[in-house]
2 protein chains.
Amino acid sequence: MQMDMTAIRQKFQEKQYKFTPQRQTILQAFADHGDRHLSAEEVHGIVKQKTADIGLATVYRTLEILSELDILQKNDFGDGRNRYEVSAANMTHHHHHLICLSCHAVKEFEDDLLETLECAIAKKSDFLIVDHHLKFYGYCQDCRTKHE
Amino acid sequence: MQMDMTAIRQKFQEKQYKFTPQRQTILQAFADHGDRHLSAEEVHGIVKQKTADIGLATVYRTLEILSELDILQKNDFGDGRNRYEVSAANMTHHHHHLICLSCHAVKEFEDDLLETLECAIAKKSDFLIVDHHLKFYGYCQDCRTKHE
DNA sequence: CTTAGTGCAAAACCTTTGCAACTCT
DNA sequence: AGAGTTGCAAAGGTTTTGCACTAAG
(Lines give C-alpha, C1' and ligand atoms only; values in the text may rest on other atoms or scores of the structure.)
Protein backbone atom coordinates (compact mmCIF):
# COMPACT_ATOMS: atom_id res chain seq x y z
CA MET A 1 0.00 0.00 0.00
CA GLN A 2 1.35 3.38 -0.96
CA MET A 3 1.32 6.31 1.40
CA ASP A 4 2.09 9.91 0.72
CA MET A 5 5.14 10.31 2.92
CA THR A 6 5.54 13.99 2.10
CA ALA A 7 2.04 14.74 3.34
CA ILE A 8 2.58 12.62 6.43
CA ARG A 9 5.87 14.32 7.23
CA GLN A 10 4.08 17.63 6.94
CA LYS A 11 1.38 16.58 9.37
CA PHE A 12 4.09 15.74 11.86
CA GLN A 13 5.70 19.13 11.40
CA GLU A 14 2.44 20.99 11.88
CA LYS A 15 2.10 19.52 15.35
CA GLN A 16 5.83 19.69 16.00
CA TYR A 17 6.08 15.97 16.40
CA LYS A 18 9.39 14.45 15.48
CA PHE A 19 9.59 12.05 12.60
CA THR A 20 11.75 9.50 14.40
CA PRO A 21 13.04 6.22 12.95
CA GLN A 22 10.71 4.29 15.26
CA ARG A 23 7.68 6.16 13.95
CA GLN A 24 8.79 5.64 10.38
CA THR A 25 9.24 1.94 10.99
CA ILE A 26 5.76 1.64 12.45
CA LEU A 27 4.35 3.54 9.51
CA GLN A 28 6.20 1.16 7.22
CA ALA A 29 4.48 -1.76 8.90
CA PHE A 30 1.18 -0.36 7.72
CA ALA A 31 2.56 0.27 4.26
CA ASP A 32 3.53 -3.42 4.12
CA HIS A 33 0.38 -4.77 5.74
CA GLY A 34 -2.11 -2.11 4.79
CA ASP A 35 -4.71 -4.72 4.00
CA ARG A 36 -4.89 -5.99 7.57
CA HIS A 37 -6.31 -4.63 10.79
CA LEU A 38 -3.34 -4.61 13.10
CA SER A 39 -3.37 -4.56 16.88
CA ALA A 40 -0.63 -2.84 18.87
CA GLU A 41 0.87 -6.19 19.76
CA GLU A 42 0.89 -7.26 16.11
CA VAL A 43 2.55 -4.05 15.03
CA HIS A 44 5.11 -4.63 17.74
CA GLY A 45 5.74 -8.12 16.40
CA ILE A 46 6.17 -6.89 12.83
CA VAL A 47 8.62 -4.12 13.61
CA LYS A 48 10.59 -6.43 15.89
CA GLN A 49 11.15 -8.95 13.12
CA LYS A 50 12.06 -6.23 10.77
CA THR A 51 14.85 -4.38 12.46
CA ALA A 52 14.96 -2.42 15.62
CA ASP A 53 13.66 -3.46 18.98
CA ILE A 54 11.00 -0.86 19.53
CA GLY A 55 9.32 -0.82 22.92
CA LEU A 56 5.66 -1.73 23.12
CA ALA A 57 4.97 1.56 24.88
CA THR A 58 6.40 3.42 21.91
CA VAL A 59 4.13 1.48 19.60
CA TYR A 60 1.12 2.51 21.65
CA ARG A 61 2.24 6.12 21.76
CA THR A 62 2.85 6.19 18.03
CA LEU A 63 -0.48 4.59 17.17
CA GLU A 64 -2.13 7.24 19.30
CA ILE A 65 -0.39 10.00 17.37
CA LEU A 66 -1.10 8.46 13.99
CA SER A 67 -4.77 8.23 14.87
CA GLU A 68 -4.80 11.81 16.04
CA LEU A 69 -3.23 12.91 12.76
CA ASP A 70 -5.90 10.95 10.93
CA ILE A 71 -3.30 8.77 9.27
CA LEU A 72 -4.61 5.67 10.97
CA GLN A 73 -8.09 4.78 12.08
CA LYS A 74 -8.67 3.11 15.41
CA ASN A 75 -11.21 0.28 15.33
CA ASP A 76 -12.91 -1.87 17.90
CA PHE A 77 -14.18 -5.13 16.48
CA GLY A 78 -15.12 -6.56 19.84
CA ASP A 79 -12.17 -8.84 20.40
CA GLY A 80 -10.79 -6.94 23.36
CA ARG A 81 -8.10 -4.85 21.72
CA ASN A 82 -7.95 -1.90 19.38
CA ARG A 83 -7.08 -2.49 15.77
CA TYR A 84 -5.66 0.05 13.36
CA GLU A 85 -5.81 0.51 9.63
CA VAL A 86 -4.86 3.21 7.15
CA SER A 87 -7.42 5.94 7.55
CA ALA A 88 -10.39 6.45 5.29
CA ALA A 89 -9.19 10.01 4.72
CA ASN A 90 -6.26 8.62 2.78
CA MET A 91 -8.41 6.35 0.63
CA THR A 92 -10.55 7.14 -2.37
CA HIS A 93 -13.54 5.24 -1.04
CA HIS A 94 -14.95 4.88 2.38
CA HIS A 95 -15.18 1.29 3.39
CA HIS A 96 -16.97 -0.42 6.20
CA HIS A 97 -16.88 -3.70 8.03
CA LEU A 98 -18.82 -6.92 8.18
CA ILE A 99 -17.97 -8.62 11.44
CA CYS A 100 -18.69 -12.27 12.06
CA LEU A 101 -20.09 -12.74 15.54
CA SER A 102 -18.88 -16.32 15.60
CA CYS A 103 -15.30 -16.33 14.32
CA HIS A 104 -14.57 -12.58 14.44
CA ALA A 105 -13.60 -12.52 10.79
CA VAL A 106 -13.75 -9.02 9.37
CA LYS A 107 -14.74 -8.47 5.77
CA GLU A 108 -14.79 -5.10 4.08
CA PHE A 109 -17.17 -3.50 1.69
CA GLU A 110 -17.13 -0.18 -0.06
CA ASP A 111 -19.65 2.52 0.28
CA ASP A 112 -20.33 5.88 -1.21
CA LEU A 113 -23.99 6.05 -0.36
CA LEU A 114 -23.65 7.37 3.13
CA GLU A 115 -22.52 10.87 2.23
CA THR A 116 -26.09 11.90 1.54
CA LEU A 117 -27.26 10.68 4.90
CA GLU A 118 -24.32 12.34 6.58
CA CYS A 119 -25.23 15.74 5.18
CA ALA A 120 -28.82 15.38 6.26
CA ILE A 121 -27.85 14.41 9.78
CA ALA A 122 -25.31 17.19 10.06
CA LYS A 123 -27.92 19.81 9.24
CA LYS A 124 -30.44 18.52 11.72
CA SER A 125 -28.12 17.83 14.61
CA ASP A 126 -25.78 20.80 14.98
CA PHE A 127 -22.83 18.48 14.70
CA LEU A 128 -19.86 19.13 12.48
CA ILE A 129 -19.38 15.62 11.20
CA VAL A 130 -15.88 14.60 10.19
CA ASP A 131 -16.16 10.85 9.89
CA HIS A 132 -18.48 7.90 10.16
CA HIS A 133 -18.12 4.24 10.93
CA LEU A 134 -20.61 1.65 9.82
CA LYS A 135 -20.40 -1.91 11.04
CA PHE A 136 -22.62 -4.84 10.16
CA TYR A 137 -22.74 -7.81 12.50
CA GLY A 138 -23.72 -11.28 11.41
CA TYR A 139 -22.47 -14.71 10.55
CA CYS A 140 -20.13 -15.50 7.68
CA GLN A 141 -20.58 -18.27 5.14
CA ASP A 142 -18.05 -20.55 6.82
CA CYS A 143 -19.58 -20.36 10.27
CA ARG A 144 -23.06 -20.92 8.91
CA THR A 145 -22.10 -24.13 7.08
CA LYS A 146 -20.08 -25.41 10.04
CA HIS A 147 -23.00 -24.83 12.35
CA GLU A 148 -25.28 -27.19 10.44
CA MET B 1 -38.60 3.47 29.88
CA GLN B 2 -40.99 0.59 29.67
CA MET B 3 -39.81 -2.93 29.04
CA ASP B 4 -41.82 -6.01 28.26
CA MET B 5 -40.99 -8.06 31.34
CA THR B 6 -43.03 -11.02 30.19
CA ALA B 7 -41.05 -11.27 26.99
CA ILE B 8 -37.80 -10.85 28.86
CA ARG B 9 -38.70 -13.52 31.39
CA GLN B 10 -39.45 -15.82 28.49
CA LYS B 11 -36.06 -15.19 26.89
CA PHE B 12 -34.46 -16.20 30.16
CA GLN B 13 -36.49 -19.39 30.31
CA GLU B 14 -35.61 -20.35 26.75
CA LYS B 15 -31.94 -20.40 27.66
CA GLN B 16 -32.62 -21.78 31.12
CA TYR B 17 -31.15 -18.76 32.78
CA LYS B 18 -32.59 -17.94 36.16
CA PHE B 19 -34.43 -14.70 36.64
CA THR B 20 -32.72 -13.82 39.91
CA PRO B 21 -33.35 -10.70 42.00
CA GLN B 22 -29.90 -9.38 41.05
CA ARG B 23 -30.69 -9.66 37.36
CA GLN B 24 -34.05 -8.01 37.86
CA THR B 25 -32.46 -5.16 39.75
CA ILE B 26 -29.94 -4.60 37.00
CA LEU B 27 -32.70 -4.67 34.43
CA GLN B 28 -34.58 -2.13 36.53
CA ALA B 29 -31.57 0.16 36.39
CA PHE B 30 -32.01 0.31 32.63
CA ALA B 31 -35.74 0.83 32.97
CA ASP B 32 -34.97 3.84 35.17
CA HIS B 33 -32.06 5.16 33.13
CA GLY B 34 -32.94 3.85 29.70
CA ASP B 35 -31.98 7.12 28.12
CA ARG B 36 -28.35 6.86 29.16
CA HIS B 37 -25.48 4.72 28.01
CA LEU B 38 -24.39 2.97 31.15
CA SER B 39 -21.04 1.37 31.86
CA ALA B 40 -20.71 -1.66 34.11
CA GLU B 41 -19.32 0.50 36.88
CA GLU B 42 -22.24 2.93 36.57
CA VAL B 43 -24.78 0.14 36.70
CA HIS B 44 -23.01 -1.15 39.77
CA GLY B 45 -23.27 2.28 41.35
CA ILE B 46 -26.98 2.59 40.57
CA VAL B 47 -27.98 -0.80 41.96
CA LYS B 48 -25.82 -0.26 45.04
CA GLN B 49 -27.64 2.95 45.92
CA LYS B 50 -30.92 1.30 45.31
CA THR B 51 -30.91 -1.75 47.50
CA ALA B 52 -28.78 -4.79 47.46
CA ASP B 53 -25.03 -4.92 47.33
CA ILE B 54 -24.52 -6.71 44.07
CA GLY B 55 -20.97 -7.71 43.19
CA LEU B 56 -19.32 -6.05 40.24
CA ALA B 57 -18.60 -9.46 38.76
CA THR B 58 -22.30 -10.21 38.79
CA VAL B 59 -22.99 -6.97 36.98
CA TYR B 60 -20.52 -7.93 34.28
CA ARG B 61 -21.97 -11.43 33.99
CA THR B 62 -25.50 -10.10 33.80
CA LEU B 63 -24.67 -7.47 31.18
CA GLU B 64 -23.08 -10.24 29.14
CA ILE B 65 -26.26 -12.30 29.33
CA LEU B 66 -28.54 -9.38 28.57
CA SER B 67 -26.47 -8.58 25.49
CA GLU B 68 -26.58 -12.18 24.39
CA LEU B 69 -30.36 -12.19 24.76
CA ASP B 70 -30.47 -9.04 22.69
CA ILE B 71 -32.10 -7.12 25.50
CA LEU B 72 -29.17 -4.78 25.80
CA GLN B 73 -26.77 -3.55 23.21
CA LYS B 74 -23.07 -3.30 23.95
CA ASN B 75 -21.42 -0.12 22.68
CA ASP B 76 -17.91 1.19 22.44
CA PHE B 77 -17.73 4.96 22.21
CA GLY B 78 -13.99 5.09 22.55
CA ASP B 79 -13.71 6.03 26.21
CA GLY B 80 -12.11 2.80 27.30
CA ARG B 81 -15.08 0.91 28.63
CA ASN B 82 -18.16 -0.76 27.23
CA ARG B 83 -21.48 1.01 27.52
CA TYR B 84 -24.89 -0.60 27.40
CA GLU B 85 -28.32 0.58 26.36
CA VAL B 86 -31.68 -1.01 25.72
CA SER B 87 -31.35 -2.88 22.46
CA ALA B 88 -32.58 -1.65 19.12
CA ALA B 89 -34.56 -4.87 18.80
CA ASN B 90 -36.84 -3.64 21.56
CA MET B 91 -37.36 -0.26 19.95
CA THR B 92 -39.55 0.75 17.05
CA HIS B 93 -36.76 2.61 15.30
CA HIS B 94 -33.12 1.92 14.90
CA HIS B 95 -31.07 4.73 16.24
CA HIS B 96 -27.46 5.63 15.85
CA HIS B 97 -24.90 7.82 17.52
CA LEU B 98 -23.23 11.13 16.97
CA ILE B 99 -20.08 11.18 19.05
CA CYS B 100 -18.28 14.41 19.86
CA LEU B 101 -14.54 13.92 19.49
CA SER B 102 -13.89 16.76 21.89
CA CYS B 103 -16.19 16.24 24.89
CA HIS B 104 -17.34 12.67 24.21
CA ALA B 105 -20.98 13.70 24.29
CA VAL B 106 -23.18 11.16 22.58
CA LYS B 107 -26.27 12.31 20.73
CA GLU B 108 -28.73 9.99 19.10
CA PHE B 109 -30.56 10.12 15.84
CA GLU B 110 -33.11 7.85 14.26
CA ASP B 111 -32.74 6.02 11.05
CA ASP B 112 -34.80 3.75 8.91
CA LEU B 113 -32.89 4.23 5.70
CA LEU B 114 -30.22 1.66 6.29
CA GLU B 115 -32.35 -1.44 5.83
CA THR B 116 -32.09 -1.11 2.07
CA LEU B 117 -28.34 -0.94 2.18
CA GLU B 118 -28.22 -3.87 4.59
CA CYS B 119 -30.13 -6.12 2.19
CA ALA B 120 -27.90 -5.20 -0.71
CA ILE B 121 -24.75 -5.88 1.27
CA ALA B 122 -26.07 -9.18 2.59
CA LYS B 123 -26.67 -10.48 -0.91
CA LYS B 124 -23.26 -9.54 -2.18
CA SER B 125 -21.23 -10.64 0.80
CA ASP B 126 -22.45 -14.08 1.89
CA PHE B 127 -23.02 -12.73 5.36
CA LEU B 128 -26.17 -13.32 7.34
CA ILE B 129 -26.54 -9.86 8.81
CA VAL B 130 -28.29 -9.56 12.13
CA ASP B 131 -27.46 -6.03 13.21
CA HIS B 132 -25.67 -2.87 12.26
CA HIS B 133 -24.10 0.01 14.10
CA LEU B 134 -23.57 3.40 12.57
CA LYS B 135 -21.56 6.05 14.30
CA PHE B 136 -20.80 9.59 13.20
CA TYR B 137 -17.83 11.39 14.66
CA GLY B 138 -17.51 15.13 14.82
CA TYR B 139 -17.76 18.17 17.02
CA CYS B 140 -20.88 19.30 18.83
CA GLN B 141 -22.26 22.82 18.88
CA ASP B 142 -20.93 23.53 22.38
CA CYS B 143 -17.38 22.52 21.65
CA ARG B 144 -17.33 24.46 18.39
CA THR B 145 -18.42 27.72 20.03
CA LYS B 146 -16.03 27.22 22.96
CA HIS B 147 -13.16 26.65 20.61
CA GLU B 148 -13.51 30.07 18.98
C1' DC C 1 21.40 22.84 22.83
C1' DT C 2 16.66 22.19 23.92
C1' DT C 3 12.63 19.84 23.68
C1' DA C 4 10.50 15.81 22.54
C1' DG C 5 10.81 10.75 22.26
C1' DT C 6 12.38 6.16 23.87
C1' DG C 7 12.62 1.89 26.74
C1' DC C 8 11.83 -0.35 30.65
C1' DA C 9 9.23 -1.69 34.40
C1' DA C 10 5.53 -0.67 37.23
C1' DA C 11 0.97 0.85 37.58
C1' DA C 12 -3.70 1.53 36.12
C1' DC C 13 -7.83 -0.14 34.21
C1' DC C 14 -11.44 -2.83 32.70
C1' DT C 15 -12.95 -7.45 32.53
C1' DT C 16 -12.83 -12.43 33.44
C1' DT C 17 -12.33 -16.51 36.30
C1' DG C 18 -11.87 -19.98 40.31
C1' DC C 19 -14.15 -21.44 44.06
C1' DA C 20 -16.96 -22.11 48.14
C1' DA C 21 -21.37 -20.76 49.65
C1' DC C 22 -25.97 -20.02 48.29
C1' DT C 23 -30.63 -19.99 45.92
C1' DC C 24 -33.93 -20.15 42.25
C1' DT C 25 -36.93 -23.58 39.76
C1' DA D 1 -32.28 -31.86 45.27
C1' DG D 2 -29.53 -29.93 41.71
C1' DA D 3 -28.04 -26.99 38.35
C1' DG D 4 -27.21 -22.47 37.88
C1' DT D 5 -25.75 -18.05 40.36
C1' DT D 6 -23.43 -15.10 43.54
C1' DG D 7 -19.47 -12.60 45.87
C1' DC D 8 -15.08 -12.14 46.75
C1' DA D 9 -10.51 -11.95 45.64
C1' DA D 10 -7.14 -13.02 42.48
C1' DA D 11 -5.70 -13.27 37.84
C1' DG D 12 -5.72 -11.74 33.00
C1' DG D 13 -4.98 -8.73 29.25
C1' DT D 14 -4.57 -4.30 27.24
C1' DT D 15 -3.11 0.30 27.66
C1' DT D 16 -0.89 4.14 30.23
C1' DT D 17 2.63 6.39 32.95
C1' DG D 18 7.04 7.77 35.60
C1' DC D 19 11.61 8.38 34.95
C1' DA D 20 16.30 8.37 33.52
C1' DC D 21 18.48 8.28 29.14
C1' DT D 22 18.86 9.40 24.26
C1' DA D 23 18.27 11.72 19.97
C1' DA D 24 15.93 14.76 16.55
C1' DG D 25 15.46 19.54 14.86
Side-chain angles (χ1 to χ4, degrees), chain A residues 5-6 8-29 37-48 50-69 71-72 74-84 104, chain B residues 5-6 8-29 37-48 50-69 71-72 74-84 104:
Chain A
M5 282 302 170
T6 316
I8 289 173
R9 202 178 284 263
Q10 193 172 340
K11 283 186 179 179
F12 271 78
Q13 280 185 345
E14 279 169 19
K15 294 263 179 143
Q16 292 181 299
Y17 292 146
K18 291 176 181 168
F19 203 57
T20 65
Q22 288 93 332
R23 290 175 181 175
Q24 292 178 47
T25 307
I26 290 168
L27 220 29
Q28 190 58 45
H37 303 98
L38 301 171
S39 68
E41 199 97 36
E42 286 170 353
V43 172
H44 189 223
I46 292 170
V47 300
K48 222 146 87 172
K50 209 147 195 184
T51 47
D53 200 354
I54 298 177
L56 184 54
T58 300
V59 173
Y60 273 105
R61 284 185 283 232
T62 301
L63 293 176
E64 193 57 41
I65 287 177
L66 292 174
S67 299
E68 182 202 331
L69 296 180
I71 295 163
L72 295 184
K74 198 186 211 172
N75 279 33
D76 181 325
F77 296 128
D79 66 341
R81 74 210 63 187
N82 290 313
R83 295 187 166 278
Y84 299 80
H104 284 100
Chain B
M5 282 300 170
T6 315
I8 289 173
R9 201 179 284 264
Q10 192 172 341
K11 283 186 179 180
F12 270 79
Q13 280 185 345
E14 279 170 17
K15 295 262 180 147
Q16 292 182 298
Y17 293 145
K18 290 177 182 168
F19 203 55
T20 65
Q22 288 92 333
R23 290 175 181 173
Q24 292 178 46
T25 307
I26 290 168
L27 220 29
Q28 190 57 45
H37 302 97
L38 301 171
S39 68
E41 199 98 34
E42 286 169 352
V43 172
H44 189 222
I46 291 171
V47 301
K48 222 149 81 174
K50 221 164 185 167
T51 48
D53 199 355
I54 299 177
L56 183 54
T58 300
V59 173
Y60 274 104
R61 283 185 285 231
T62 301
L63 293 176
E64 193 57 41
I65 287 176
L66 292 173
S67 299
E68 183 202 330
L69 295 180
I71 294 163
L72 296 183
K74 199 184 208 172
N75 281 93
D76 182 323
F77 296 128
D79 65 343
R81 72 212 62 191
N82 290 314
R83 295 187 167 278
Y84 299 80
H104 283 99

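Being a predicted model, the structure only gives us computed values, none of them experimental. Labels below follow one simple rule: chain letters A, B, ... track the order of the sequence lines, proteins then strands, and each chain is numbered from 1.
- With DNA chain C read from its 5' end, the first of the two nearest nucleotides for Arg61(A) and Glu41(B) is the one closest to Arg61(A).
- Thr58(B) places no side-chain N or O within donor-acceptor distance of the main-chain N or O of Ile54(B), the cut-off being under 3.5 Å.
- Judged by distance alone, with hydrogens and angles left aside, the side-chain atoms of Lys48(A) form no donor-acceptor pair with the main-chain N or O of Asp53(A) at under 3.5 Å.
- In the 5' to 3' direction, nucleotides of DNA chain D lying under 4.0 Å from heavy atoms of chain A begin and end at dT14(D) to dG25(D).
- OP1 or OP2 of dG5(C) lies within a sub-4.0 Å distance of a side-chain N or O belonging to Arg23(A).
- At whole-Å resolution of the value, CD in Gln22(B) and C1' in dC22(C) are 10 Å apart.
- Summarising the geometry, the separation between OH on Tyr17(A) and P on dG5(C) is reported as 7 Å, rounded to the nearest angstrom.
- Of all heavy-atom pairs spanning Arg83(A) and Ser39(A), the tightest one is NH1-N, 3.6 Å.
- Remark: P of dT15(C) and CZ of Arg81(B) are 8 Å apart, rounded to the nearest angstrom.
- A donor-acceptor contact under 3.5 angstrom links the side chains of Tyr17(A) and Glu68(A), judged on distance only.
- One atom, CG of Leu56(B), and another, C1' of dC14(C), lie 9 Å apart when rounded to the nearest Å.
- At distances below 3.5 Å, at least one donor-acceptor pair connects side-chain atoms of Arg23(A) with backbone N or O atoms of Lys18(A).
- Here dG18(C) presents its P atom at 18 Å from OH of Tyr60(B), a figure rounded to the nearest Å.
- In this structure, Glu64(A) places its CD atom 17 Å from C1' of dT6(C), rounding to the nearest Å.
- Between the side chain of Lys74(A) and the backbone N or O of Tyr84(A) there is no donor-acceptor pair closer than 3.5 Å.
- To the nearest angstrom, P of dT23(C) lies 19 Å from CZ of Phe19(B).
- The separation between Lys74(B) atom NZ and dC14(C) atom C1' is 11 Å, rounded to whole Å.
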